[in-house]
Amino acid sequence: MLVRAVDQVNKAAVEMCGITKRFQVSGRGLRRRPPVEKLALDHVSLEVATGEITGVLGANGSGKSTLIRVLATLLTPDEGKASVFGYDVVRQAAAVRRHINRVSVEAAFFKEMSPWENILYAARLYGSGGAGTRTRVEAVLDRLELPRETLDRPMKQLSRGQQQKVAIARSFLTSPSLLLMDEPTTGLDPRSRREVQDLVNVVRAERAATVLLSTHDLAEAEALCDRVVILDEGRVLAEGTPQDLCREYATDGQPATLEDVFLRVSGKRLEEDVEEEEAGS
Ligand SMILES: Nc1ncnc2c1ncn2[C@@H]1O[C@H](COP(=O)(O)OP(=O)(O)O)[C@@H](O)[C@H]1O
Ligand SMILES: [Mg+2]
């Protein structure tokens with residue numbers, strides 16, 4: 001048993017080997033075509049080191065959410081193996097769930113309930129939520145500049161950005177060992193986005209939590225991530241620290257930008273989301 005315990009400590013936070021996930025997509029058009037198969041993840045292998053922030057970088061539809069949902073035990077892979085702190089995501093899903101928290105734009109909330117009630121519900125599931133919880137929640141939300149009065153209004157009255165902040169506050173409180181953040185800043189205005197990014201950096205500095213976050217924002221990946229994994233059409237095309245990748249793809253002694261790296265490995269540009277441009281809002 002001791003051997004196993006030591007083994008567990010030395011394990012990477014996430015190990016994924018040959019993970020493949022297919023979806024049946026029903027045929028479109030006037031004459032109903034037979035369902036086609038969509039390969040969302042194509043033999044994905046990766047590791048996330050404990051205590052690091054790893055970014056999954058990819059365009060829309062590249063498989064980022066599917067990858068995160070497999071790790072969150074919400075989807076069963078068709079092939080391959082994946083583990084979180086040594087626990088198999090299929091066979092030991094309950095143990096995996098105790099070690100993770102997923103922050104996603106489609107975050108599961110009870111919409112009729114207030115942020116406070118939602119957070120308290122989650123905290124109790126994770127065995128916290130006692131005295132001092134309210135103060136801690138308020139401190140996190142203050143940091144994210146979410147007005148105090150929103151804490152007790154029904155969730156459904158909050159903007160998407162505000163809901164995202166609540167999801168992040170909730171994940172903080174439940175102290176997961178692995179924080180899975182699916183596009184945590186997508187859809188936020190530039191200021192909220194910076195607040196969330198600052199908070200991710202605080203997580204790294206203060207809490208030694210491991211973070212796997214997905215993004216289609218190159219600057220964000222560069223600013224936040226110790227390592228990035230470039231995902232395209234369900235395949236891992238490159239991985240490494242942003243610095244190493246930029247050096248590896250240097251041309252004529254000029255280090256590449258992460259954008260150059262993405263273009264080189266995928267043959268295409270990471271589309272810019274116009275609505276999210278700084279100038280746009
Ligand atoms: N539940 C589903 N049913 C059918 N197709 C899906 C489903 N979830 C994802 N897909 C498809 O799998 C691919 C990857 O999707 P996703 O993981 O959501 O990408 P991303 O998060 O990078 O935008 C896309 O082509 C998407 O349409
Ligand atoms: Mg997604």
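Bear in mind the structure is a predicted one, so any value in this text is a computation, not a measurement. First listed ligand is number 1; within each ligand, the first listed atom is number 1.
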Matching residue for Lys64 among Leu231, Leu57, Val229 - test: side-chain contact (heavy atoms from CB on, under 4.5 Å):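 Testing each of Leu231, Leu57, Val229 against Lys64, the sole residue satisfying side-chain contact (heavy atoms from CB on, under 4.5 Å) is Leu231.
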
Criterion salt bridge (charged side-chain N to carboxylate O under 4.0 Å, His left out) on Glu195 and Lys165, from CA distance to verdict: CA-CA 9 Å; Glu195 286 160 2; Lys165 289 177 179 183; 2.9 Å; yes

Pairing residues for Glu220 by the side-chain hydrogen bond (donor to acceptor under 3.5 Å, both in side chains) criterion, not counting sequence neighbours: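 Thr185, Gln197, Thr215.
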
Atoms (protein N, O or S; no water) under 2.8 Å from the Mg ion (ligand 2):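 Every protein N, O or S atom under 2.8 Å from the Mg ion (ligand 2) counted, the figure is 1.
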
Ring geometry between Tyr121 and Phe110 (parallel below 30°, tilted from 30 to 60°, perpendicular above 60°):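 Ring orientation of Phe110 relative to Tyr121: perpendicular.
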
Partners meeting salt bridge (charged side-chain N to carboxylate O under 4.0 Å, His left out) with Glu138 (sequence neighbours left out):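 Listed in chain order: Arg134, Arg148.
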
Pairwise distance CZ(Arg91) to OG1(Thr73) - rounded to 0.5 angstrom: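 These two atoms lie 14.0 Å from each other.
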
Distances under 3.5 Å, N/O of ligand 1 against N/O of the protein: list each pair and its distance.
{"from": "ligand 1", "atom 1": "17 (O)", "to": "Ser65", "atom 2": "N", "distance (Å)": "3.4"}
{"from": "ligand 1", "atom 1": "17 (O)", "to": "Thr66", "atom 2": "N", "distance (Å)": "2.9"}
{"from": "ligand 1", "atom 1": "17 (O)", "to": "Thr66", "atom 2": "OG1", "distance (Å)": "2.6"}
{"from": "ligand 1", "atom 1": "19 (O)", "to": "Gly63", "atom 2": "N", "distance (Å)": "3.2"}
{"from": "ligand 1", "atom 1": "21 (O)", "to": "Ser65", "atom 2": "N", "distance (Å)": "2.9"}
{"from": "ligand 1", "atom 1": "21 (O)", "to": "Ser65", "atom 2": "OG", "distance (Å)": "2.8"}
{"from": "ligand 1", "atom 1": "22 (O)", "to": "Ser62", "atom 2": "N", "distance (Å)": "3.2"}
{"from": "ligand 1", "atom 1": "22 (O)", "to": "Ser62", "atom 2": "OG", "distance (Å)": "3.3"}
{"from": "ligand 1", "atom 1": "22 (O)", "to": "Gly63", "atom 2": "N", "distance (Å)": "3.1"}
{"from": "ligand 1", "atom 1": "22 (O)", "to": "Lys64", "atom 2": "N", "distance (Å)": "2.9"}
{"from": "ligand 1", "atom 1": "22 (O)", "to": "Lys64", "atom 2": "NZ", "distance (Å)": "2.8"}
{"from": "ligand 1", "atom 1": "23 (O)", "to": "Gly61", "atom 2": "N", "distance (Å)": "2.7"}

Stepwise salt bridge (charged side-chain N to carboxylate O under 4.0 Å, His left out) check, Arg22 with Glu79: CA-CA 9 Å; Arg22 299 181 191 90; Glu79 285 173 45; 2.7 Å; yes

Pair Asp182, Ser65: side-chain N/O donor-acceptor within cut-off below 3.5 Å: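 Side chains of Asp182 and Ser65: pair found under 3.5 Å.
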
Between Lys111 and Gln157: side-chain donor-acceptor atoms closer than 3.5 Å: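 There is no such pair (donor and acceptor under 3.5 Å, judged by atom type) between the side chains of Lys111 and Gln157.
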
